[in-house]
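Input: a single structure, listed below in C-alpha cells.
Quick caveat, the model's predicted, so the values are computed rather than measured.
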Amino acid sequence: MRIVAGENDDQIFHVPLDENGLITLDWALDYSNKIIIFEIHIPSSFGWFAIGFSDWGELFPADYCVLWYNWKGHLQFQDASANEEGVLSLDHQQDCKRFRSKRRGNVTKFTYRREFDTCDANDYIIEDGTTHVVWSRGNDRLYQLRGLNVSSSENDHGMVRVQLLKNTATNTKPPKETKILNILADKVHVPADETTYWCHVHKLPDEFQDKHHVVQYEAAIQKGNEGLVHHMEVFHCIAPVNEEIPLYVGSCFAPDRPEATKVCKRVLAAWAMGAKPFIYPEQAGLPIGGPDFNPYVMLEIHYNNPETKADWIDSSGIKFHTISKLRPMDAGVIELGLEYTDKMAIPPGQESFPLTGYCVSECTAVSLPPEGITIFGSQLHTHLSGIRVFTRHIRNGRELPELNRDDHYSTHFQEIRRLKRPVNVLPGDALITTCDYCTLDRENITLGGFAISEEMCVNYIHYFPATPLEVCKSAISDQALRTYFQYMHEWENQLTSPESGISDNYKAIEWNRMRVQLLRNVYHEAPLSMQCNMSSGDRFPGYWENTPTTPVLVPLPPPARDCEKIQDL
C-alpha cells in the first residue's frame, strides 16, 4: 500500500517523525479538491498512535487522528481533540477519512485523507506556511478512545515542523550539464544537547574565480541522520574579494568563534526538513563566484537531538547545481522589513505584538526598472520570539494579493520557498512586512538587533532581473522616537532622558497595558527612517528621513472559507 500521486513521485513528500527515522510521514496534495492524503509508517508494537496538528508544536491542545486497538484486538481510527490537559474527546464531525491499513513484518502502514479546512471548530486549518505536526503513542490497548491522555506516553511523542502545502508546480529534475558544488559538514560529533547550531566556513574551489550560476540546490543528508538534521543554511561572507575568512568549524554561538566570520550572513541557500530541491526559474540563476565575489561561504546546520544522544556523527550539507554558461538574467535578493536597529522594540509579557517594516513606493520608484521585477521566492525571518510574518503588496493605494504569509512561523524552520505564483512588482509599488512576536516569557524589553536574543523582521525576496536595490527597510524616525521618550518622562514619570541611549530609554520604562498600547500607536502612525540602499551600502538619491507610511486605501477582504460544501472524501 502506498500513496499514489499520479506518475510523478516527486509530488510525494516525506519527513521522519522521530530522530531514528522509524516513524515516517508521507503526503500528497490534491489542490483541486483541497485534500491531503497522508501515509504513516510506524513500528507495529503499539496500542495506540495519535498524529495531528497544534499551533506551535505543543502536544496539547491539539487536533488528532488516532489509530488504536480495542480490547478485542480490532483496529479503530477516529478524529479527536486534546484539551488543555491533554485529554481526548471524539469530534462530532469525523474528518479523518478513507482510512486503510496494512501490516508487513514489524511495520504498520496506514493512510487517510483530510481536507485543508474541514470547517469543524475542533479541527486545525491547514494553511500555507509552517505546520507543526505532533504525535504520541502508547503500548496499552484501550476500551474506548474518549478520556485517553496523550501525555500518558511520557517520552514517546514528538513534533516536526513542515510546510504541508508545497508548491507542486515546479520541476524538481536537475538541469543537464551542471557541476556539483557540495558544501558539507565534516564528521561532526554532534553534542549531546537537544539543539545545536553548527557552523563550518568553506572556501570555494578555484574554478569559481569565474562567475557561475546556481540553478538548483538540495539537501545532502547523511544516511541515517534524516531525523537529526532539522534545517540548514549557506551564507556568503560579505567582505572584500581578497580578504581571508578563518575556516572556522564549531558551534555557531561559541565564545571563541572568530569575529571575522560574522560577515558570513547573506543567505545563498536555505533548506528545512521536508523540502524538495529549490529550482531557479529558467530565465535566471543565482550568481556565485567571479572576480568581485569573496570566495568564502559558511554552512550552518541546526541539529535536533531531543534524546540528547552522544554518538551522532554527521557530514550533511547542501548540494549546489551550478553552470558556467550563464543564463540570460542574474537572480537577486532584496531585504524587506525592519532595519536592524534598537529603535524597534517589543515590550515584555505580550501574547502578540506587531512590528511593521515598509518598502515604500518612493524607493521602488527610483530603484526598479520600468518593467519591474518578478519575485519567485521568499524567506521569512525573525529570531526567537517571532510567531507570524506576512508581506502585503500595495499598488496605487490598492492592496493586491499577499506576497507571502506564515501564521505559525518558527525561527527553527528556515527555508527559501518558491512562491506558487510569481509576483510582478512595478516601480511605485509598496511592500509592507509585518511580524508578530510573543514575549510572554520575557521580563524586559526585546530590542531589535543582530543577537539571537534580540529581534529581526525580514523577508528576503528572490527575484529577477537583479537590480542595484538590495535593502528596502524602515524604522521609526528618530524625531518620533525622541518625542515618545519625552512623553514617557513628562507624563508617565518614567526614567527616560534625552541624554540616554535608545536601548537604555526602552529599558527604563515600566511597562503596563496603556504604555504598550501607546507604543503600538506610535509605531503605527509615526513617519519612517528609510533604508533604500544599493548593494554598495549607499542610499539611492533622495531624502529618506520622516518618510510617511504607505496608505492602504483599498485593503484586501479577509479570505473566504468554503464552509457550505458537502464533500465525500
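- Checked against the 6.0 Å centroid threshold, H302 and H412 count as a close aromatic pair.
- Annotation: the span from E415 atom CD to L380 atom CG amounts to 10.0 Å, rounded to 0.5 Å.
- In this structure, E226 contributes its side chain and G224 its backbone to a donor-acceptor pair below 3.5 Å.
- Taking CD of E454 as the start and OG of S385 as the end, the distance is 11.0 Å to the nearest 0.5 Å.
- Shown here for E510 and R515, the closest heavy-atom pair between the two residues is O-NH1, 2.5 Å.
- Using modelled atom types, no side-chain atom of N182 and backbone atom of K319 make a donor-acceptor pair closer than 3.5 Å.
- Under the 4.0 Å criterion applied to side-chain N and carboxylate O atoms, K211 and D292 are not assigned as salt-bridge partners.
- Taking every heavy atom of both residues into account, I476 and V522 meet most closely at CD1-CG1, 3.5 Å.
- Between the side chains of Q414 and E300, no donor-acceptor pair of N or O atoms lies under 3.5 Å.
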>> Could you go through H132 and E58, starting from their C-alpha distance and side-chain angles, then the distance that decides it, and tell me whether this counts as side-chain hydrogen bond (donor to acceptor under 3.5 Å, both in side chains)?
In response: CA-CA 8 Å; H132 293 73; E58 62 277 4; over 6 Å; no

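- In summary, the side chains of N459 and T433 do not present any donor paired with an acceptor at a separation below 3.5 Å, with no hydrogens or angles considered.
- The nearest pair of heavy atoms linking E233 to A270 is CG-CB, 3.9 Å.
- Judged purely by distance below 3.5 Å, without hydrogens or angles, the side chains of H462 and Q379 never pair a donor atom with an acceptor atom.
- Closest approach of C264 to F235, counting heavy atoms only: O-CB, 3.5 Å.
- Between E499 and S497, the side chains place a donor N or O and an acceptor N or O closer than 3.5 Å (distance only, hydrogens not considered).
- Note: F320 and Y217 have tilted aromatic rings, judged against thresholds of 30 and 60 degrees for the angle between ring planes.
- Annotation: F293 is in aromatic contact with H236 [ring centroid separation under 6.0 Å].
- Of the options I334, L338, V458, a side-chain contact (heavy atoms from CB on, under 4.5 Å) to K473 is made by V458 and by none of the others.
- Note on ring orientation: taking the six-membered ring where Trp is involved, the planes of H200 and H202 are parallel (angle under 30°, cut-offs 30° and 60°).
- A salt bridge between R417 and D128 is absent, with no side-chain N of the basic residue lying under 4.0 Å from a carboxylate O of the acidic one.
- Listed for the S151 side chain is no donor-acceptor partner under 3.5 Å among the backbone atoms of G86.
- Remark: the D55 side chain and the H408 side chain contain an N/O donor-acceptor pair separated by less than 3.5 Å.
- A disulfide bridge connects C532 to C363: their SG atoms sit within less than 2.5 Å of one another.
- Shown are Y64, W56, F53; of these, the ring pair (Phe, Tyr, Trp, His ring centres under 6.0 Å) with Y124 is made only by F53.
- Side-chain atoms of S54 do not come within 3.5 Å of backbone N or O of P61 as any donor-acceptor pair.
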>> Applying side-chain contact (heavy atoms from CB on, under 4.5 Å) to D256 and Y248, what does each step give before you reach the verdict?
In response: CA-CA 10 Å; D256 61 347; Y248 174 74; 4.1 Å; yes

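- Remark: the backbone N or O of I313 is paired with a side-chain donor or acceptor of Q222 at under 3.5 angstrom.
- Atom CG in L528 sits 10.0 Å away from atom OG1 in T356 (nearest 0.5 Å).
- For the residue pair D342 / Y506, no side-chain donor-acceptor distance below 3.5 Å is found, with atom types taken as modelled.
- Checking side-chain atoms of R539 against main-chain N and O of M530 turns up a donor-acceptor pair under 3.5 Å.
- For Y409 (side chain) and T382 (main-chain N/O), a donor-acceptor pair under 3.5 Å exists by modelled atom type.
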> Could you walk me through whether I245 and T261 pass the side-chain contact (heavy atoms from CB on, under 4.5 Å) check?
Replying inline: CA-CA 6 Å; I245 306 297; T261 65; 4.1 Å; yes

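- Nearest heavy atoms, A475 versus M344: CA-SD, 3.9 Å.
- Judged by distance alone, the side chain of W135 and the main-chain N or O of L17 form a donor-acceptor pair under 3.5 Å.
- To the nearest 0.5 Å, atom CG of residue L181 and atom NE2 of residue H321 are 10.5 Å apart.
- Heavy-atom neighbours of E207 CD from other residues, nucleotides or ligands within 6.0 Å: above the threshold of 12.
- Not one N or O on the side chain of H230 forms a donor-acceptor pair closer than 3.5 Å with the backbone of N304.
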> Where do K276 and E218 land on the side-chain contact (heavy atoms from CB on, under 4.5 Å) test, with the steps shown first?
Replying inline: CA-CA 7 Å; K276 292 285 189 178; E218 61 214 52; over 6 Å; no

> So M298 and K265, side-chain contact (heavy atoms from CB on, under 4.5 Å) or not? Walk me through it.
Replying inline: CA-CA 8 Å; M298 184 180 77; K265 59 185 180 181; over 6 Å; no

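- Taking both residues in full, the closest heavy atoms of C199 and R257 are given as SG-NH1, 4.2 Å, listed atom of the first, atom of the second, then distance.
- L184 CG to I301 CD1: the interatomic distance, rounded to the nearest 0.5 Å, is 8.0 Å.
- Side chain of Q216 to main chain of T322: no donor-acceptor pair is present (N/O by atom type, distance under 3.5 Å, no hydrogens or angles).
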